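Below is one structure, written out as structure tokens; the observations come after it.
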Amino acid sequence: MRNFIEIENVQVVYPIPNGNFIAINDLSISVLEKSFISITGRSGSGKSTLLKIIGGILRPTSGKVIIEGNDIYSYSDVYLAEYRMKKIGFIFQDYFLEELYTVYQNIEIALMISGFPPNMRLERIEKVLEEVGLTGKENIQVLNLSGGEKQRVGIARAIANSPDIILADEPCGNLDYENGKRVMQLLREESDKGKTVILITHNIEDAKETDRIITLEDGRVIKDEKS
Amino acid sequence: MKNRDLCILTFREMRTEKKENFLYSIMVFFIVLCIIIPVKIAVHSDEITDAILKSMYKNSDRGYSFYLKGYTVDDLGMLQKMGFYNISISKDNKTSSGELKSIKNIWFYKIKALVEDKDIWSPTIDDILVVQLFCELILLTLSTIFFVLFCFILSNSLSMKVLTREKYIAMLNILGCSKKKIRCIFEGSYIVKNIIAIFMAEGVSCIFLKLINNYLEKETLKESNIPFFSPVQFGLLIAGTYVPVAHLCKNNFKDLK
């Protein structure tokens, strides 16, 4: 398998009142295609910053982020938006769903942005909802769903556009054990289908379910091991 | 993203925070009303003054007499174009005079004459015309103040909107919606809300002007022709409210990637 994501000497520096805070410090890692990896570390170790960099949300201060041979940050913001739309599926701890919209409308937003044909949307949404075990819940307002169901809607939205990379930021952070297990199982299924899944987690049990664990501290990789 | 989807998201956006949207539209309606009515009255104040003056001298068939200073025989055609009749041009250039049937656009002619180092003046109605111009300026100043107020309300409303919809905006951005498209969604929702308010205000102002027309007709016994709807003014109003919306949206979304 080839290197799908290559991060080369990336540094992220945030200006703070008394100087600069280095969130990511000369970090270099590469991720193989179709792999399922987890990034762990204490709060402030740079996990979420790294996820934002891979996701095309945050331009690093220096260094390169090469996805499929392209240094994504050498392009404009418009290219980055297109990159997020086509290549990335995001899953967040607090779901990032529009509570007043229905499950269908929430997933439809991702399809609308990517220009998915309107007449094929219902079929696509039904398929992804079936994959996450929410068949028949299309017309329910997200407000009325449980935390676990909301996270599964988040996963359904993330996979609706068939992205190559799934970035999950603490997806089980707000869930109980059972729902957490279900979410991890869904991420594993996506990885088995050929997607590259990067999971950010505090939970070592969740990390052990992935193929590789990268541990960060003060913006550097301190441990990189197979689980 | 297709335009159809952009419209759907715009209308969905309008359906969120219904109470706030309703209140915003009502406020804009009153403010636009306070802009339109003074502007319309100011623009037609000369016609209104004309109708009132004529009603005071119902039995007089004569028009308004004006002294014309600085005009020569060469200007005769131009004066006739302005509507002057019974024109007499004296050789000493001091006692030239003419009459006008209506004082419509009189201030335009007066200012034009002043620019050309000439003068059109009347000892009898110049005082009234000064009062009319003063009223016109006050009404236009009032409209300007209300337009500034509209910009403030729009700016506050948009800032609040961006704050309350921060998560939704971030979600759209993360899902790959470009800054321009996100701006379009919010810009669109504000344009639609403004247009609803403008249409309502335009309707009420049309009724108001119709009533003024009826009053003038009754008082002057002549048909009053103040147009209660002007497509040009309406177009300017739409454009005038669109410009601040576009500018403020651009400012509020400049930090998005």
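All values below come from the heavy atoms of this structure, side chains included, with hydrogens, waters and symmetry mates left out. Small disclaimer: the values here were computed from a predicted structure and weren't measured. Reminder, nothing fancy here: chain letters follow the sequence lines and each chain counts from 1.
Heavy-atom neighbours of B:K250 NZ from other residues, nucleotides or ligands within 6.0 Å: at or below the threshold of 12. No more than 12 heavy atoms of other residues, nucleotides or ligands sit less than 6.0 Å from atom NE2 of B:H247. The environment of CE in B:M78 is crowded: more than 12 heavy-atom neighbours from other residues, nucleotides or ligands sit within 6.0 Å. For A:K137, the NZ atom sits in a loose shell: 12 or fewer heavy atoms of surrounding residues, nucleotides or ligands are nearer than 6.0 Å. Atom OH of A:Y73 sits in a crowded spot, with more than 12 heavy atoms from other residues, nucleotides or ligands closer than 6.0 Å. Other residues, nucleotides and ligands place more than 12 heavy atoms under 6.0 Å from the NZ atom of B:K2. Counting non-hydrogen atoms of other residues, nucleotides and ligands closer than 6.0 Å to OH of A:Y104 gives a total above 12. For A:N119, the CG atom is densely surrounded, since the number of other residues' heavy atoms within 6.0 Å is greater than 12.
Proximity to chain A is limited to the side chain of B:I8, based on heavy atoms less than 4.5 angstrom apart. Neither the backbone nor the side chain of A:Y83 comes within contact range of chain B; no heavy atom of the residue lies under 4.5 Å from a heavy atom of that chain. Looking at A:Q105, both its backbone and its side chain come within 4.5 Å of chain B, counting heavy atoms on both sides. In this structure, the portions of A:F96 lying under 4.5 Å from any heavy atom of chain B include both its backbone and its side chain.
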Let me check something: any side-chain donor-acceptor pairs from residues 12-25 of chain A under 3.5 Å, sequence neighbours excluded? List them with distances.
from  : atom 1 : to    : atom 2 : distance (Å)
A:N25 : OD1    : A:Q11 : NE2    : 3.4

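Within residues 156-172 of chain A, the residues approaching chain B closer than 4.5 Å by heavy atoms are, in numerical order, A:R157.
Across A:D94 and B:K167, no two heavy atoms sit closer than the pair O-NZ, 3.9 Å. Nearest heavy-atom pair, A:I57 versus B:I174, reported as atom, atom and distance to 0.1 Å: CD1-CG1, 3.7 Å. Contact detail for B:M171 and A:L97: the closest heavy-atom pair is SD-CA, 4.4 Å.
You'll find the side chain of A:M112 reaches within 4.5 Å of the side chain of B:L9, heavy atoms only.
For the atom pair A:E82 CD and B:C177 SG, the distance stands at 12.5 Å (nearest 0.5 Å). The distance from the CG atom of A:L111 to the CE atom of B:M1 is 11.0 Å, given to the nearest 0.5 Å.
Options A:I109, A:I88, A:L100 differ in how many heavy-atom pairs under 4.5 Å they form with chain B, and the most are formed by A:I109.
A salt bridge is defined here as a Lys NZ or Arg NE, NH1 or NH2 lying under 4.0 Å from an Asp or Glu carboxylate O, and A:E98 with B:R165 meets this definition. Between B:D5 and A:R121 there is a salt bridge, since a side-chain N of the basic residue sits under 4.0 Å from a carboxylate O of the acidic one.
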